[in-house]
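Working notes, structure below.
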There are 2 protein chains.
Amino acid sequence: MEEQKLEVVNKPTVNDIARVAGVSLATVDRVLNRRPGVRAVTIQKVQKAIDELGYIRDTAAANLARRRVYNFLFVLPDTDNEFVEALSNQIAEQSRNQFIERTRTSIQKVTPFEPQDIVEILDAVDGREVDGVAVFGPETPSVRDAVKRVRDKGIPVVAMVSDLPSSDRDHFVGIDNVSAGRTAAHLMGRFVHQRGKVLVLTGSRLARDHLERRQGFDLVVAEDFPHLEVVASVEGRDDPELIYKMMPEIFDSYPDLVGIYSSAAGNAGLIQFLTESKVSEELVIIAHELTPLSREALCMGTFDALISQDSGHIIRSAVRLLRATSDGVPFNRAQERIRIDIYLKENLPP
Amino acid sequence: MEEQKLEVVNKPTVNDIARVAGVSLATVDRVLNRRPGVRAVTIQKVQKAIDELGYIRDTAAANLARRRVYNFLFVLPDTDNEFVEALSNQIAEQSRNQFIERTRTSIQKVTPFEPQDIVEILDAVDGREVDGVAVFGPETPSVRDAVKRVRDKGIPVVAMVSDLPSSDRDHFVGIDNVSAGRTAAHLMGRFVHQRGKVLVLTGSRLARDHLERRQGFDLVVAEDFPHLEVVASVEGRDDPELIYKMMPEIFDSYPDLVGIYSSAAGNAGLIQFLTESKVSEELVIIAHELTPLSREALCMGTFDALISQDSGHIIRSAVRLLRATSDGVPFNRAQERIRIDIYLKENLPP
DNA sequence: ATTTTTTTGAGGAGCGTACCTCAAAAACGT
DNA sequence: ACGTTTTTGAGGTACGCTCCTCAAAAAAAT
């Protein structure tokens, strides 16, 4: 038995800073809140005291005094896609805790794959009403510039699910999609025993996340699994009906199809086709996102594995990052890292 | 584009309760903090007002006024096991944020598989100094009773990693280990192509988590993978050296070994043996917990998959649950669910 | 050296809650 | 109806911080 105790140090307060810096509380306050009318030398004195004491502002007390409420805007594609629905629900869930978290969220839904909509909404964002924006959208030049304009107004922006690296969004909340594609490929390669062709069902060429998944998938199949051949990918536009209609032709073209990687949304169409047409049980299907539908397909054995990202985690993380950015305080990188979840029928959450 | 805005409602405060209930602030305070000297009828009046208003106590303000600091005690086995080390580091990390989170943590390390040590420590817990206890230990009758005694003192207890369901611990923070074993079996069954024997390397018969994993593993192999046969499991006592010494004999006994499920700790010994002895590349190895060592083994191809649980998530969750229990406030079940993480070399975190 | 401008200090009110004291009111026992 | 006990109310102080005002001091400009 070995004990490890912490020495109890009193938390330094604004009054301590004032005392140590030899200035008044008012001056400390001016410095802390970047109010004007303080000489550079004085600012330095205060800063020195802050550093010496290791002062950390009590955000809870500050927010109480300020009666601060964070208003965050979420921009999501307006589809009946289960994953987007899950995100919406999680955002609503956040709002339910608005009193506890001092955070109010609102959602703006935009026509999918329609950058102009996003641009309009971003340009309409008012810094007096909105303290942060989270965007799930395609990485186009116009979106990129609109994000820049929002940030120029001093409003933090995070990209969700699909990154916007060329804009200078403050953070990206989501998985590494190249890695997700690689993971899918690895599972595919190890689940499929015989040689044959593999199809990648993608969503849109505009969606960065879809492109990245495809890219990762191809790389790993090429590197590690010579028994597989990835055929030209098919764009399903996240549309179940379209996907359903396309499937027969695909199976006709590739009689030696051994696997499908459904890297985007619209799983309903795929599932419908698979259950109706009684394809080989050997066919390995790997899809994305754990939703009621994909979960059932996994349980029934229609799907073999799911690559997923936790919608609750994504939304909570987006909120925490927007709050931290808005307050200019650090955050825990590890906590905000969204994991690439792999679901088999054996490790489904209850 | 479709907008969804929230009506802005003012957060009800204690003063609102007093007004609505037609009593004084002092009385509301007495009721809220369960202070004596209030008639049952008055308590009901206040409670009614609370319900009507949907009042939620502002914990931040309350903790400020109380100058509350949460003191949590973590009881961990004293091993040089990487996973336990990761937990310790995460606990220390929590303490680093003690000013922000108003949470102070301390760690007590106990001799592994030695219930008496845990009992002593639990019995020494003082309610004036400790606001909650998190225990990672074996489920023995004496531990169970000691946990009960701690709870009888009004101190919340959570079990970490390995559950103590027979004690009435407030919560369990960790994965479903039966499910983890099932997951390992599923991967094993699908990764191994030819028929052969599979070995389960376990830790201790006392550890509930190890037992559960074994159980889940056996079930799924029996159900779904007739080409595999699970042989009698070997107890490694989480000891790398012991495991290293045992391996040659095992390989001699089972020339047709196709897979190893290392369900406990002590991976270092296994890795050392595998790299030295150049066993077949076909041999599938699935181990537990992502650590520097197991990570490297996965990258090198020595391990084929890892079943893991996020140590950061576990500690943060334990702290949040202890805090919530101690305050008597609800918590977000989904957020506190620890996932069974599957790592392949393609989805390792950066 | 005087005026003007800038910088600083002192102090107070308030955020939502806790906790304390003292007196007044209500309920109770006889 | 009396005293006694219990219950309630009024008010204050505090937590750590924000934000405001007004006056005093210091620095800069003339």
Side-chain angles (χ1 to χ4, degrees), chain A residues 9-47 49-50 53-70 98-103 131 326-329, chain B residues 9-47 49-50 53-70 98-103 131 326-329:
Chain A
V9 192
N10 271 342
K11 171 155 92 174
T13 72
V14 278
N15 289 298
D16 296 323
I17 303 178
R19 195 174 26 76
V20 171
V23 299
S24 76
L25 189 59
T27 300
V28 173
D29 178 65
R30 289 181 185 114
V31 174
L32 278 176
N33 296 296
R34 296 191 168 67
R35 274 185 258 277
V38 187
R39 282 186 304 165
V41 270
T42 314
I43 294 182
Q44 289 192 329
K45 269 200 297 187
V46 173
Q47 194 55 55
I50 289 174
L53 289 165
Y55 170 81
I56 298 168
R57 195 203 230 102
D58 185 329
T59 329
N63 284 343
L64 177 62
R66 277 199 181 110
R67 269 139 112 222
R68 174 162 193 146
V69 175
Y70 301 86
Q98 59 170 300
F99 291 155
I100 304 169
E101 313 248 343
R102 292 179 173 276
T103 299
D131 305 296
S326 165
D327 292 343
V329 299
Chain B
V9 192
N10 271 341
K11 171 155 90 175
T13 73
V14 279
N15 290 297
D16 297 323
I17 303 178
R19 196 176 24 78
V20 171
V23 299
S24 76
L25 190 59
T27 300
V28 172
D29 178 64
R30 288 179 185 117
V31 174
L32 278 176
N33 296 296
R34 295 191 169 67
R35 272 185 261 277
V38 187
R39 282 187 303 165
V41 271
T42 314
I43 294 181
Q44 290 193 331
K45 268 199 298 186
V46 173
Q47 194 54 56
I50 289 174
L53 289 166
Y55 170 81
I56 299 169
R57 194 203 230 101
D58 186 327
T59 328
N63 284 343
L64 177 61
R66 277 200 181 108
R67 263 179 285 165
R68 174 162 195 148
V69 175
Y70 300 87
Q98 59 170 299
F99 292 156
I100 304 169
E101 312 247 343
R102 292 178 173 279
T103 299
D131 304 296
S326 165
D327 292 343
V329 300

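So that the names make sense, note that chain A is the first sequence line, chain B the second, and so on, each numbered from 1.
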Rounded to whole Å, please give me the gap between [atom1] in [X] and [atom2] in [N].
X: B:Tyr55; N: C:dA18; atom1: OH; atom2: C1'; result: 11 Å
X: A:Leu53; N: D:dG16; atom1: CG; atom2: C1'; result: 15 Å
X: A:Arg19; N: C:dA10; atom1: CZ; atom2: P; result: 15 Å
X: B:Leu64; N: D:dT13; atom1: CG; atom2: P; result: 18 Å
X: B:Leu25; N: D:dA14; atom1: CG; atom2: C1'; result: 14 Å
X: B:Asp58; N: D:dC17; atom1: CG; atom2: P; result: 16 Å
X: B:Ile43; N: D:dT8; atom1: CD1; atom2: C1'; result: 13 Å
X: A:Asp327; N: D:dG16; atom1: CG; atom2: C1'; result: 16 Å

Measuring to OP1 and OP2 of [N], would you say a side-chain N or O of [X] lies under 4.0 angstrom away?
X: B:Ser24; N: D:dG9; result: yes
X: A:Arg35; N: D:dC19; result: yes
X: B:Arg39; N: C:dA27; result: yes
X: A:Arg30; N: D:dT18; result: no
X: A:Thr27; N: C:dT8; result: no
X: B:Arg68; N: C:dT17; result: no

Checklist entry - Between C:dG16, D:dT18, D:dT8, which nucleotide has the shortest distance from any of its atoms to the side chain of B:Val38? => result D:dT8
Checklist entry - Nearest to the side chain of A:Ala61, which nucleotide is it out of D:dG16, D:dT7, D:dT18? => result D:dG16
Checklist outcome for this item: Taken in chain and number order and not counting sequence neighbours, the residues that satisfy side-chain contact (heavy atoms from CB on, under 4.5 Å) with A:Gln44 are none
So [X], base contact, sugar-phosphate only, or nothing? Heavy-atom distance under 4.0 Å.
X: A:Asp29; result: base
X: A:Ala62; result: sugar-phosphate
X: A:Asn63; result: nothing
X: B:Asn33; result: sugar-phosphate

Checklist entry - Under a 4.0 Å N-O cut-off, is there an ion pair linking A:Asp327 with A:Arg57? => result no
Checklist entry - Quick one: CD1 on B:Ile17 to OG1 on B:Thr27, what's the gap to the nearest 0.5 Å? => result 12.0 Å
Next on the checklist: Quick check: on DNA chain D, is the nucleotide nearest B:Arg66 upstream (toward 5') of the one nearest B:Val41, or the reverse? Name the residue that is more 5'.
Outcome noted: B:Val41
Next on the checklist: Can you confirm whether A:Val31 sits close enough to A:Thr42 that some side-chain heavy atom of one is under 4.5 Å from a side-chain heavy atom of the other?
Outcome noted: no
Next on the checklist: For a 4.5 angstrom cut-off between non-hydrogen side-chain atoms, does A:Thr59 reach A:Arg102?
Outcome noted: no
Item to check | A:Arg68 versus A:Ser326, side-chain donor and acceptor atoms under 3.5 Å | outcome: yes
